[in-house]
Number of protein chains: 2
Amino acid sequence: MSVKTQPRSPTRARLVEVARRLFHERGYHPTGIAQILREAEVNSGSLYHFFPSKEDLLVAVLEKYRELLRPMVIDPAFERESDPLERVFAVLDGYRKRLLESNLKEGCPIGNLALEMSDEHPRVRRLVAENFTAWRAAVEECIDALADRLPEGTNAEAVAGFVLTVMEGGVMQARAYGTLEPYENAVSVLRDYFERLLADGEG
Amino acid sequence: MSVKTQPRSPTRARLVEVARRLFHERGYHPTGIAQILREAEVNSGSLYHFFPSKEDLLVAVLEKYRELLRPMVIDPAFERESDPLERVFAVLDGYRKRLLESNLKEGCPIGNLALEMSDEHPRVRRLVAENFTAWRAAVEECIDALADRLPEGTNAEAVAGFVLTVMEGGVMQARAYGTLEPYENAVSVLRDYFERLLADGEG
DNA sequence: GTCTATAACTCGATAGAC
DNA sequence: GTCTATCGAGTTATAGAC
């Protein structure tokens, strides 16, 4: 559980971090190995010592995202809010902030890869799915905690999946339009839905 | 209004159609000009006679999508159903069918491009946005037609944008997981939302 | 408008010394 | 584990005859 894979070298870590950033900013295919090497100040021999191929580097990036999901995305939101519903919206607000910080240019890195990578990359698709599943599990914790305020028989897993759907769809439109409005709209309609669920749960 | 741009040649049409299909199946960047030429049985001189660059070809593809949106996506759904709400879900059911037909490998071509193309392609982004806007407008017609059954003050534009959000987010997850379930879940939760809106509109 | 040939370059990946 | 040099293939795009 504690030992991850290998004693990591700083070179390897730098490669993964630079690749992560470039794949996010420009996409996987448009990012060349040469650019990664340049910005990481690493030579090609070192990269191919750690990663047999570019796809293996992407796999490492996705593994890192999976490791960082809790500490970077979920935990800060959960620490800011204690109410389970507000925790969900705090997570969504994190994406709003990151959209803004990137000037509406960068969305969810996992969602980007989910659509950029055609299905000839099974390990990539598996890791994208694992990232989604971990995200949904975190939200599902909140929905579970809300259970007695929601209508009887509400399917927490389905609702959590829906929250991910709304986040990803909203981020996509915000990027496409170059404005935050579609994302904020999506979040606000989602909140309206939750309010109606809660109102029904009371009655 | 009727004359589009130019008297079109069959070669040009074949190039656009093959490019459209390949960009959808494999993505824009992984698709090489050589592959397009091969499958369209066209030589490079002809391609560059019509399109100064690969990006211009993509622009033509996106213009074609915009032209085909009504006849291929919206009209068939609207013809199948007359109730405005059912029309919305008939459009969504079209995406479900196309997901299935592609074996969960191909989602929404516009959504794919929205996330694959970084923002260094202004014409592409504009056309992606135009496609989204046309899609939302079609759905908004339905929401407008529902107005008197919805709670007072419901923002039809916001609801239509939310429907697109849910479609795109659902398609993304379906592709990522390789199963229709996340999409069907998204649509069914969206229906639950509409039912609650309608119930509130009655009261 | 279509043809062939190819320029000019970048790509991912490798070899082999250190 | 890191270095330099480079391979071979594939890339977008062009030249120029027909």
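Residue numbering restarts at 1 for every chain, and letters A, B, ... go by the order of the sequence lines.
Atom CG of A/Asp56 and atom P of C/dA13 are 9 Å apart (whole Å). Rounded to an integer number of Å, the gap from CG of B/Leu57 to C1' of D/dA13 is 13 Å. Atom NE2 in B/His29 sits roughly 15 Å away from atom P in C/dT10 (whole-Å rounding). Rounded to an integer number of Å, the gap from NZ of B/Lys54 to C1' of D/dG10 is 12 Å. If you take CZ of A/Phe51 and P of D/dT2, they are 12 Å apart, rounded to a whole angstrom. Distance A/Ile33 CD1 to C/dA13 P: 6 Å, rounded to the nearest Å. The CZ atom of B/Arg12 sits 10 Å away from the P atom of C/dG1 (whole-angstrom rounding). Across the protein-nucleic acid pair, A/Gln35 atom CD and C/dG12 atom C1' stand 15 Å apart, rounded to whole Å.
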Report task. Determine, step by step, whether A/Leu164 and A/Met167 satisfy the side chain to side chain contact (heavy atoms under 4.5 Å, CB included) criterion, reporting the C-alpha distance in whole Å, the side-chain angles of both residues, the deciding distance to 0.1 Å, and the verdict. Result -> CA-CA 5 Å; A/Leu164 176 56; A/Met167 184 279 277; 3.8 Å; yes
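For the segment residues 38-49 of chain A, residues with any heavy atom less than 4.0 angstrom from an atom of DNA chain D are, sorted by number, A/Asn43, A/Ser44, A/Gly45, A/Ser46, A/His49.
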Show me the side-chain donor-acceptor pairs of residues 38-50 of chain B shorter than 3.5 Å, one per line, residues at least two apart or across chains.
| from | atom 1 | to | atom 2 | distance (Å) |
| --- | --- | --- | --- | --- |
| B/Glu39 | OE1 | B/Arg21 | NH1 | 3.3 |
| B/Glu39 | OE1 | B/Arg21 | NH2 | 2.7 |
| B/Glu39 | OE2 | B/Gln35 | NE2 | 3.3 |

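A cation-pi arrangement is found for A/Arg98 relative to A/Tyr95, the charged atom lying closer than 6.0 Å to the ring centre and inside a 45° cone about the ring normal.
Side-chain contact, B/Asn185 with B/Ser188: no donor N or O sits under 3.5 Å from an acceptor N or O. Looking only at atom types and distance, the side chain of B/Tyr65 has a donor-acceptor partner in the side chain of B/Arg20 under 3.5 Å away.
Salt-bridge check for B/Glu141 with B/Arg70: passed, with a basic side-chain N closer than 4.0 Å to an acidic carboxylate O.
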